[in-house]
Structure formats: structure tokens, C-alpha cells
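What you see is a predicted model; the values in this text were computed from it and never measured.
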Amino acid sequence: MRQEEIVQAARAWIGTPYHDQASLKSVGCDCLGLLRGVWRELIGPEPVDMRPYARDAGEAGSVELIADPVRGFMNEVVLQDRQPGDVLLFRMPHMRVAKHCAFQAGPGMIIHAYERRGVVEMRMPVEWRGRIAFVFRFPEVS
């Protein structure tokens, strides 16, 4: 699978309304739901149970609710090697566990589910660049 296929699949979700803990294109999703939905479209069934998490999950403690399970089926890459199609995990707020994810769409651009706007493609806010905690790449499949 080429990275551009991942970007195009994520772009197909643009306009999907934001809905906490959902993962249905055109119906509703949150950021994790977008990741899960694109995975299902391109790869197939989700390899692990990525249960939706509560809004306040990760406010205390150090368990990486998204990164730890994703490590089991995606390839972690270094920040400097990220490319379009990669999944970015952000620490929101800074120094807490990573709990927001987005697809790198191009230089400085991301696709993500934004609470008040749904799935959008937008320029990554400058202050978010320092909050990228993990970068993952979909596995190669034939």
C-alpha cells in the first residue's frame, strides 16, 4: 500500500461529523474512530480491540491508551522520517499521555476529527508540532 492511498482514504472522511467514540464514515467519528475506520477500509478488521476511551482518560497516570495498542500492529517511525499517510499522536495537553491522533496529509497539513468541526484537513497549528509524541506507519500489505 502506498502512503498516498492512506491520505486519500482519510480525505474521503472529510465532512464526517464529530461524534465522540464513533467510527462511521459520513455518520460520525472522533480522532481514534477516524484511524480505526481508515484501517478497516484499507487493511481489514481491527487487529486489537481499540476501545474508545473517556474524555478524561489519561489526565492522570502514564498508560499510553492509544500508542501502546497501536505498537502491536503499526510500525513506529522517528519524527524526522514522517511522511504523508503516517499517523501522528499528540500529547494534549503537553506532557500528558498522547490522546489525539491525525494523519499527516502533506507538508504541514493534517487530517483529523476536530471536536467542533468534524473531520477536516488543515494546516497543523505551530504549537502542535512540539506535541507530537509518536509517529506510526501502516504496515505494508499486498
key: R91 side chain to R96 backbone, donor-acceptor under 3.5 Å   = yes

key: Non-hydrogen side-chain atoms of M74 and L35 separated by less than 4.5 Å   = yes

Flag side-chain contact, heavy atom, 4.5 Å: R123 against M109 = yes

task = Of all the heavy-atom pairs spanning S26 and P17, show the shortest one and how long it is.
result = O-CD, 3.8 Å

task = Identify the two heavy atoms, one from A113 and one from C31, that lie closest to each other, and give their separation to 0.1 Å.
result = CB-N, 3.5 Å

query = For I43 and P139, which heavy atoms make the closest approach, and how far apart are they?
reply = CD1-O, 4.5 Å

query = Is there side-chain contact between V63 and V97, with at least one heavy-atom pair below 4.5 Å?
reply = no

message = Measuring from atom CZ of F136 to atom CG of L88, what distance do you get when rounded to the nearest 0.5 angstrom?
response = 10.5 Å

ask   = Is there a donor-acceptor pair under 3.5 Å between the side chain of W39 and the backbone N or O of P45?
value = yes

Gap between atom CZ of R36 and atom CG of L34 - 0.5 Å precision = 11.0 Å

ask   = Do M92 and M122 belong together in a cluster built from hydrophobic side chains that touch within less than 4.5 Å?
value = yes

inquiry  = Contact between Y18 and D30 at the side-chain level, heavy atoms closer than 4.5 Å - yes or no?
reply    = yes

query = Any side-chain heavy atom of E46 sitting closer than 4.5 Å to one from R40?
reply = yes

query = Taking E64 for the side chain and A98 for the main chain, is one N or O donor matched with an acceptor at less than 3.5 Å?
reply = yes

message = To the closest 0.5 Å, what do you measure between CD1 (I111) and CD (Q8)?
response = 8.0 Å

ask   = If you draw a 6.0 Å radius around CZ in R117, do more than 12 non-hydrogen atoms from other residues or ligands fall strictly inside?
value = no

ask   = Would you call K25 and E41 a salt bridge, taking side-chain N to carboxylate O under 4.0 Å as the test?
value = yes

request  = Report the residue from D81, N75, D86 that forms a side chain to side chain donor-acceptor pair (under 3.5 Å) with R137.
outcome  = D86

task = Could you pull out the closest heavy-atom pair between G33 and S23, with the gap in Å?
result = O-OG, 2.7 Å

message = Is there a side-chain contact between V38 and W13 in this structure, where contact means two heavy atoms from C-beta onward sitting under 4.5 Å apart?
response = yes

Any V87 side-chain heavy atom under 4.5 Å of F138 side chain = yes

message = For residues F103 and I14: do they belong to one hydrophobic cluster (side chain heavy atoms under 4.5 Å, members Ile, Leu, Val, Met, Phe, Trp, Tyr)?
response = yes

remark   = Closest heavy-atom pair, L24 versus T16, reported as atoms and distance to 0.1 Å, is O-CG2, 3.6 Å

4.5 Å side-chain heavy-atom contact, H112 and V120 = yes

note = The reported gap from CD in Q80 to CZ in R82 (rounded to nearest 0.5 angstrom) is 8.5 Å

key: Q104 and its side-chain contact (heavy atoms from CB on, under 4.5 Å) partner, picked from Q3, M124, Q83   = M124

key: Shortest non-hydrogen contact from G106 toward P84   = CA-CG, 4.0 Å

From F90 atom CZ to I66 atom CD1, the distance as rounded to the nearest 0.5 Å = 11.0 Å

